[in-house]
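The structure appears below as structure tokens.
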Amino acid sequence: MDELETSLEKAKASYTENDIQVLEGLEAVRKRPGMYIGSTSARGLHHLVWEIVDNGIDEALAGYADTIDVTIEPDNIIRVEDNGRGMPVEIHHKTGISTVETIFTVLHAGGKFGGGAYKVSGGLHGVGASVVNALSTWLEVTVKKDGKLYQCRFENGGKVAQPLHVIGDCDPSDHGSTVRFKADSTIFTETTSYDADILKDRLKQLAFLNKGIKILFHDNRGETSDDETYFYQGGIKEYVQFLNANKTPITSEIFCCEGVEVGDETGYKVLIEVALQYNDTYNTSIYSFCNNIHTVEGGYHEDGFRMALNRVINAYAKEKGVIKKDEDTLQGEDVREGLTAIISVKHPNPQYEGQTKTKLGNSEVRKMVSTMFGREFARFLAEHPDEGKAILDKATLAYKARLAAKKARELTRRKNVLEISSLPGKLADCHSKDASISEIYIVEGDSAGGSAKLGRDSNFQAILPLRGKILNVEKANLHRIYDNKEIASMITAFGCGIGDEMDMNKLRYHKIIIMTDADVDGSHIRTLLLTFLYRYFKPVIEQGYVYCALPPLYKIWNAKRTDYAYSDEQLDLLKQEFGEAKYDIQRYKGLGEMDPDQLWETTMDPKTRTLKRVSIDDAIEADQVLSMLMGDEVEPRKNFIVQNAHYVQNLDF
Ligand code: 1YM
């Protein structure tokens with residue numbers, strides 16, 4: 001049983017009991033208003049208006065109303081009227097009181113009762129009309145229906161002062177609902193005075209987002225009244241026009257499309273609308289909405305839009321011969337330069353995520369928007385060659401400018417690696433920005449790097465593949481070190497700078513994990529890396545942030561079990577464990593031989609992996625080995641090579 005059912009079940013018992021239940025509900029709202037409307041500041045105060053207006057919008061979206069009239073009366077009384085069916089006046093079978101009264105006295109009742117298509121009131125705030133009642137000194141509802149005028153009145157935070165009764169007659173063709181209320185100044189202690197601009201901005205936005213609904217506004221508090229009418233037959237197309245009003249559009253036609261996509265086998269429908277126009281600036285203004293709520297943090301509808309925009313413009317560019325080679329793709333930032341776009345979806349069951357709950361989390365919406373918008377936008381480009389050309393020219397220019405800027409950056413990068421701000425391209429970064437849980441795997445070779453990228457947990461694990469041998473820092477001066485691509489990418493990835501300008505607080509990962517093959521080449525690369533870290537990032541080692549991953553040497557398995565051995569001794573033990581049973585053994589020659597899942601399981605999963613923390617002694621030893629091998633003294637090198645001849649034969653210093 002859901003919340004509403006429960007409260008209604010309880011309420012049914014008897015009329016007095018019902019009264020008590022209701023009062024307890026509304027009392028809870030008065031005790032903790034913040035929980036229901038976010039805050040009791042000016043923001044919360046305006047929220048009351050939106051709760052009531054949303055109900056009128058719902059009625060209009062259901063097709064029964066086309067006008068909503070919002071007035072600030074003297075003394076900051078709010079009046080909202082619509083010309084819809086009028087709230088239901090009959091006795092509600094569960095509460096035993098009129099449905100109107102139920103809407104205003106039972107928590108959440110308004111949102112859940114109706115079967116309307118898109119209940120905006122079920123959205124982000126959507127706490128219902130009863131919350132407004134609970135937070136008002138008085139509230140009055142008037143319903144015009146079936147030739148009669150009905151009214152009821154509540155006082156002192158939702159207590160019934162006058163139950164619903166007929167106060168007169170009206171034209172039988174007339175219908176609608178009116179709500180008037182006065183916010184409680186003992187709750188809204190900061191202010192009970194409405195800001196006309198806040199109300200106007202949002203009402204205008206609601207009119208843009210819901211084409212064909214006329215929204216009237218009056219501020220009757222002053223000597224002369226301030227009246228506005230918001231009515232946009234073109235909806236979000238006019239919104240885009242309005243947003244671009246002070247800019248110079250590069251296309252005369254505004255693109256817009258609208259469609260209904262069916263969700264799953266349950267057949268729920270999602271309404272999708274997109275409008276866009278490019279202007280000659282370099283800025284991007286993409287505003288997305290779900291159920292009239294501005295999804296500030298974006299979400300799947302916005303993702304789907306970006307995906308399709310990219311795809312369609314690139315396909316069009318190829319078709320027009322602007323893009324020739326496959327590697328010349330226009331990037332998202334290229335195709336969005338100068339773009340003003342509105343994406344508006346209406347979803348019967350929206351899920352909001354993110355810090356401020358303004359990110360649409362319904363994943364199915366991505367494909368819906370991508371498919372519908374992509375198809376329509378491709379058609380638009382095909383049918384409007386002038387617009388198509390202007391958009392393509394703009395994106396290509398952005399693309400060229402980006403490449404030029406990149407070249408310029410690379411030149412500076414060569415001058416001073418410390419000035420690099422962008423992360424290296426090969427780095428597959430993690431999502432976490434919290435260094436204390438972030439890890440970077442420095443992986444030898446592209447194929448192992450590829451497996452690691454696929455196998456990792458991208459929430460906290462970053463992968464930086466290093467190609468070939470990194471520069472031998474022993475013989476290089478500082479200038480050459482900066483010049484080395486592999487080293488430069490490590491320095492930028494770490495984020496903490498190097499040398500005099502090093503700032504450990506800026507280090508982006510508290511685990512720097514060297515992952516090399518368990519062979520001679522691998523150990524050589526490890527030596528080079530450790531030496532580099534020892535020479536230039538000593539504090540990172542001193543603070544215990546550097547580790548070596550231990551990849552397994554063998555996989556031993558049969559139909560029943562699979563195990564990994566990290567040494568020959570361990571393999572012998574495992575062989576005994578498998579005993580008489582048949583088994584297979586694979587010797588891993590390199591990390592690249594493992595598939596992503598194996599790599600994750602054996603070497604990267606914090607639950608099962610073995611990491612060896614590098615001590616400063618290890619690093620010193622690496623440094624000495626390297627000095628000896630690389631240094632000018634010939635004798636020790638000779639000795640070392642003779643002693644380790646069976647290992648070093650493949651080495652290429
Ligand atoms: C000024 C605010 O609330 N209008 C409004 C509300 C309702 C209806 C019509 C309505 C809805 C339905 C059937 C339905 C509401 N009804 C309910 C409930 N304007 C304003 N206009 N008949 C009338 O959804 O089926 C909640 S709001 F719960 F009774 F359905």
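Numbers here are sequence positions counted from 1.
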Task: Neighbour count >12 (heavy atoms, 6.0 Å) for atom CD, Glu90 - done: yes
Task: Asp171 and Ser173 side chains, donor-acceptor separation under 3.5 Å - done: yes
Task: Pair Glu51-Tyr36, side-chain donor/acceptor within less than 3.5 Å - done: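 Their side chains do not contain a donor-acceptor pair, so the 3.5 Å distance test is not met.
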- [ ] Considering only NZ, NE, NH1 and NH2 on the basic side and carboxylate oxygens on the acidic side, decide whether Glu228 and Lys200 come within less than 4.0 Å.
- [x]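 Looking at Lys200 together with Glu228, the answer is yes, because their closest N to O distance falls below 4.0 Å.
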- [ ] May I ask you to say whether Arg336 pairs ionically with Glu333, meaning some side-chain N is under 4.0 Å from a carboxylate O?
- [x] no
Task: Leu164 side chain near Tyr150 side chain, heavy-atom distance below 4.5 Å - done: yes
Task: is_close_aromatic(His294, Tyr287), centroid dist under 6.0 Å - done: yes
Open item on the list: Would you say the ring centers of Phe104 and Phe181 fall short of 6.0 Å from each other?
Closed with: no
Open item on the list: By the definition salt bridge (Lys or Arg N to Asp or Glu O under 4.0 Å), identify the one residue from Lys214, Arg180, Lys144 that meets it with Glu81.
Closed with: Lys144
Open item on the list: Tell me whether the NZ or CZ atom of Lys394 lies within the 45° cone about the ring axis of Tyr282 and under 6.0 Å from its centre.
Closed with: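 Relative to the ring axis of Tyr282, which defines the angle, Lys394 lies inside both limits.
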Task: Ring-face cation contact, Tyr64 with Arg85, 6.0 Å cut, 45° max - done: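 Positive - Arg85 is close enough to the ring of Tyr64 and near enough to its axis.
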Task: Candidates Asp69, Ile68, Leu199 - the one meeting side chain to side chain contact (heavy atoms under 4.5 Å, CB included) with Phe217 - done: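 One option only clears the test, and that one is Leu199.
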TODO: Please say which of Phe242, Phe208, Tyr239 ends up in a ring-ring contact (aromatic ring centres under 6.0 Å, His included) with Tyr232.
DONE: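 It is Phe208; the other options fail the test.
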